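Values in this document were obtained by computation on a predicted structure and should not be read as measured data. The first residue in the sequence is number 1, and the count goes up from there. Whatever order the structure lists them in is the order used to number ligands and atoms, beginning at 1.
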Amino acid sequence: MKFPILLTVLPLLATPLAAQKAPDLAPTPPMGWNSWNTFHVNIDAQMIIDMADVMVASGMKQAGYEYLIVDDGWEAMERGADGNLVPDPAKFPDGMKVVADYVHSKGLKFGIHNCAGNKTCNGMPGGRGHEYQDARLYASWGVDYLKYDWCEHGTADARETYKTMSLALAATGRPIVFALCEWGENKPWLWAESIAHLWRTTGDIRDCRTCTGEWDMGWEIILEKQVGLEKYAGPGHWNDPDMLEVGNPGLSLAESRAHFSLWCMLAAPLMAGNDLRKMTPETLAILCNREAIAIDQDPLGKQGYRFANPPGRQTWVKELSGGKWAICYYNSTSEPVEIVATWANFYFMDRSKTYAIRNVWDAKDLGTTADSASVTFKVPPTDVVLLVLTPVK
Ligand code: GAL
């Protein structure tokens with residue numbers, strides 16, 4: 001009697017597993033650079049090649065930035081006679097494979113953008129109805145990462161539409177990170193874990209702190225929308241609060257530092273979105289701060305959460321591997337504030353242990369939690385204090 005049961009159950013078990021996203025591709029949040037935030041559709045092959053060079057020469061690659069992603073604007077306005085997508089001949093005269101090959105030759109990975117709807121947000125051909133054909137084309141170019149947008153989706157069901165593309169990517173046999181970009185409209189955190197490696201949780205980010213537009217908003221507005229989503233992220237499946245505006249004109253240095261720190265606390269994908277060729281040493285120092293990046297990339301894969309939110313002073317905490325904790329105080333006011341870190345308030349820590357206190361942005365060790373019951377920090381306007389607490393005994 002055992003055999004017939006096994007024979008009925010096995011195919012049922014095997015089918016959905018075979019149909020899932022490529023496994024083990026994003027054990028920690030993906031890191032890289034994406035063309036959209038600064039360049040919109042004004043991109044071309046030479047610029048992507050230059051960006052690859054800077055990613056390596058600046059030390060960003062060494063710091064963990066791996067994917068170079070070409071966003072909307074790379075396509076010609078029509079598919080070819082064979083139905084395949086065609087790169088814009090003026091911007092990418094030698095096609096995309098040449099660019100992908102160059103990116104790979106620098107030890108980086110290559111990503112591309114398209115849309116689950118009929119057209120991209122800029123009117124170029126979308127993937128709807130062409131999923132398997134497009135996935136094969138991307139694989140033949142050596143694409144390692146696909147960001148898949150949600151413009152012109154009509155009445156399409158998000159879950160089914162994205163699942164189709166996920167299956168199409170899996171069918172190519174090439175491991176391709178699948179990044180959903182449906183702006184959180186259908187709460188992808190509830191259904192996309194088996195389909196995608198990351199999913200956008202909101203509309204677009206803009207290079208400001210608190211501004212709002214019809215489709216886009218500042219990073220602090222996005223931060224607010226992440227509260228409560230922490231339970232849906234983990235190794236291989238991440239909430240994506242959108243790409244970084246670090247170093248872009250609308251942000252002060254303090255705002256860039258705060259934005260970056262909080263994205264690290266959120267275990268967010270870290271996709272730089274500035275012009276790498278023109279970045280200041282201060283911007284590079286933020287993007288490449290190893291200790292902040294280690295918080296984001298911690299192998300435990302836990303997204304941080306907001307622990308306290310008194311007016312103007314948010315406290316975010318993130319559990320790290322090895323019993324460590326990251327703590328980020330954010331002063332969202334336009335005045336400096338004094339923040340008192342009282343260790344006894346952090347009931348989540350192991351009370352039987354003493355922790356070494358490290359101030360990440362100052363790169364200073366501040367003794368241990370046994371030295372005094374609290375430490376007071378002066379936090380400048382729109383800036384943060386980022387601490388890592390490591391158990392010592
Ligand atoms: C938006 C997306 C942006 C960018 C843009 C391209 O929908 O959220 O990140 O990809 O489309 O048109």
With ring centroids as reference points, do F346 and F307 lie under 6.0 angstrom apart?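 Ring centroids of F346 and F307 are less than 6.0 Å from each other.
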If you take the centroid of each ring, where Trp contributes its six-membered ring, are W150 and Y162 closer together than 6.0 Å?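 Yes; W150 has its ring centre under 6.0 Å from that of Y162.
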Identify the protein heavy atom lying closest to [atom], giving its residue, its atom name and the separation to 0.1 Å.
atom	answer
atom 4 (C) of ligand 1	D71 OD1, 3.5 Å
atom 9 (O) of ligand 1	K147 NZ, 2.7 Å
atom 7 (O) of ligand 1	D149 OD1, 2.7 Å
atom 8 (O) of ligand 1	D204 OD1, 2.5 Å

For D72 and ligand 1, does the shortest N/O to N/O distance drop below 3.5 Å?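 Right, the criterion is met.
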Do any N/O atoms on W36 end up under 3.5 angstrom from N/O atoms on ligand 1?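 There is no such contact.
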Heavy-atom pair with the smallest gap, counting every atom of H237 and Y232: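 Scanning both residues completely, I find the closest heavy atoms to be ND1-O, 3.1 Å.
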Using every non-hydrogen atom in the two residues, find where T120 and P125 come nearest and quote the distance to one decimal.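 Smallest interatomic distance, heavy atoms only, reads CG2-O, 3.9 Å.
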Which bit of N122 is near ligand 1, meaning a heavy atom under 4.0 Å away: side chain, backbone, both or neither?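 N122 to ligand 1: side-chain contact only, backbone stays beyond 4.0 Å.
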Out of Q314, R313, E220, which residue meets the side chain to side chain donor-acceptor pair (under 3.5 Å) rule with Y330?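 Among Q314, R313, E220, the one meeting side chain to side chain donor-acceptor pair (under 3.5 Å) with Y330 is E220.
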For A308, check side chain to side chain contact (heavy atoms under 4.5 Å, CB included) against everything at least two apart and list the hits.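 Residues passing side chain to side chain contact (heavy atoms under 4.5 Å, CB included) with A308: P310, T315.
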Just which atoms of ligand 1 are under 4.0 Å from any heavy atom in C181?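 This gives 2 (C), 8 (O) as the contact atoms.
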Can you sort out which atoms of ligand 1 are near R200, meaning under 4.0 Å from one of its heavy atoms?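 Those qualifying, in numeric order: 2 (C), 8 (O), 9 (O).
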Within the side chain of W263, is there an N or O that forms a donor-acceptor pair under 3.5 Å with the backbone of D242?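 Yes; at least one donor-acceptor contact below 3.5 Å.
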Give a yes/no on ligand 1: does W183 have at least one heavy atom closer than 4.0 angstrom to it?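 A heavy atom of W183 does come that close to ligand 1.
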Contact between H40 and ligand 1, counting heavy atoms under 4.0 Å?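 It does not, in that no heavy atom of H40 comes within the 4.0 Å cut-off of ligand 1.
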Less than 2.5 angstrom apart at the SG atoms, yes or no, for C151 and C121?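 Looking at C121 and C151, their sulfur gamma atoms lie closer than 2.5 Å, so the answer is yes.
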